[in-house]
Amino acid sequence: MGHVTSFAPRVLRGYPTMVAALDEPEALVLRCIRSWVAELRRAAEPLPRLHRMLSAAGAPDAAASIDMLMHVVARTACRPVGIGCPCCAGLAPDEQRLLHAARLAQGWEARLAEEVLRDGLLTAEGAAFAQGPLVGLGRVLGRAGLRLRARSLTGLAEAIELGGASAWTPPNPVTLH
């Protein structure tokens with residue numbers, strides 16, 4: 001008989017639920033993630049827009065890191081990933097998780113960032129692959145003076161039933177609202 005493992009990802013209690021409560025570096029990363037998804041949904045190449053957005057913030061090289069990160073997320077997600085539309089005022093739990101992983105990687109805690117992503121979002125391999133782009137993103141943002149705010153990750157969420165869901169892939173990679 002097979003072993004059954006319960007699935008209950010940690011809750012991001014230290015994160016706001018509204019975009020307006022984010023610090024500017026966090027909001028910039030979120031806008032880039034949402035823009036990446038929106039561009040992909042339109043069947044457009046996301047990198048040029050990311051480059052423009054991040055150039056305006058003094059971190060043009062971060063565009064490649066976000067692009068690589070989101071490609072990893074798109075190809076290794078354990079379930080559909082909730083990413084808001086660019087103008088959505090709310091902050092989805094999956095967006096919180098991605099921001100938290102980016103913050104951890106910027107603070108030289110790439111192994112913890114991997115755990116955060118592996119905790120109900122990405123496959124183990126995907127979380128490991130995401131470390132490179134996350135570390136790169138953190139370094140480039142740091143050099144531009146864009147420090148992501150430290151927030152806590154505590155508690156347990158209710159179990160999420162994955163059912164028969166499989167990893168999603170472009171061109172329809174995320175759940176938008």
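A salt bridge (charged side-chain N to carboxylate O under 4.0 Å, His left out) with R31 is found for one member of E24, E26, E95 and no other, namely E24. When the options V73, D67, L69 are evaluated for a side-chain contact (heavy atoms from CB on, under 4.5 Å) with H71, the one that passes is D67.
Closest heavy-atom contact between P16 and L91: O-CD2, 3.2 Å. Of all the heavy atoms in V72 and G126, the pair that sits closest is CG1-O, 3.3 Å. Closest approach of A57 and L28 over heavy atoms only: CB-CD2, 3.6 Å. Smallest separation of non-hydrogen atoms from A92 and G82: CB-O, 3.6 Å. Here the shortest heavy-atom pairing between I66 and C32 reads CD1-CB, 3.5 Å. In this structure, A62 and L141 approach most closely via the heavy-atom pair CB-CD2, 4.2 Å.
Hydrophobic clustering of Ile, Leu, Val, Met, Phe, Trp and Tyr side chains at less than 4.5 Å, counting indirect connections, keeps M53 apart from L22. Clustering ILVMFWY residues whenever any of their side-chain heavy atoms sit less than 4.5 angstrom apart, transitively, puts L54 in the very cluster that holds L40. Under the 4.5 Å side-chain heavy-atom criterion for grouping Ile, Leu, Val, Met, Phe, Trp and Tyr, V140 is not connected to L146 through any hydrophobic cluster. Criterion: ILVMFWY side-chain heavy atoms under 4.5 Å apart, direct or through other members. Under it, L121 and W36 are part of a common hydrophobic cluster. Under a hydrophobic-cluster definition in which Ile, Leu, Val, Met, Phe, Trp and Tyr are linked whenever side-chain heavy atoms come within less than 4.5 Å, directly or via other members, V19 and L50 are assigned to the same cluster.
With a 4.5 Å cut-off on side-chain heavy atoms, D119 and E115 do not count as touching. Side chains of R139 and S65 form no contact here, defined as non-hydrogen atoms less than 4.5 Å apart. Contact of the L99 side chain with the V29 side chain is registered, since non-hydrogen atoms from C-beta on lie closer than 4.5 Å. Residues R147 and R103 fail the side-chain proximity criterion, which asks for heavy atoms closer than 4.5 Å. At a threshold of 4.5 Å between non-hydrogen side-chain atoms, the residues R52 and S55 do not count as touching.
Considering CG of L137 and CG of D61, their distance stands at 11.0 Å, rounded to 0.5 Å. Taken to the nearest 0.5 Å, the CZ atom of R151 stands 12.5 Å off from the CG atom of L104. Between the CD1 atom of I83 and the CG atom of D94 there is a distance of 6.0 Å, given to the nearest 0.5 Å. Between atom CG of residue L117 and atom CG of residue L112 there is a gap of 11.0 Å, rounded to the nearest 0.5 Å.
The main-chain N or O of G120 is found under 3.5 Å from a side-chain atom of R79 such that the two form a donor-acceptor pair. In this structure, the side chain of R49 does not engage the main chain of A44 through any donor-acceptor pair within 3.5 Å.
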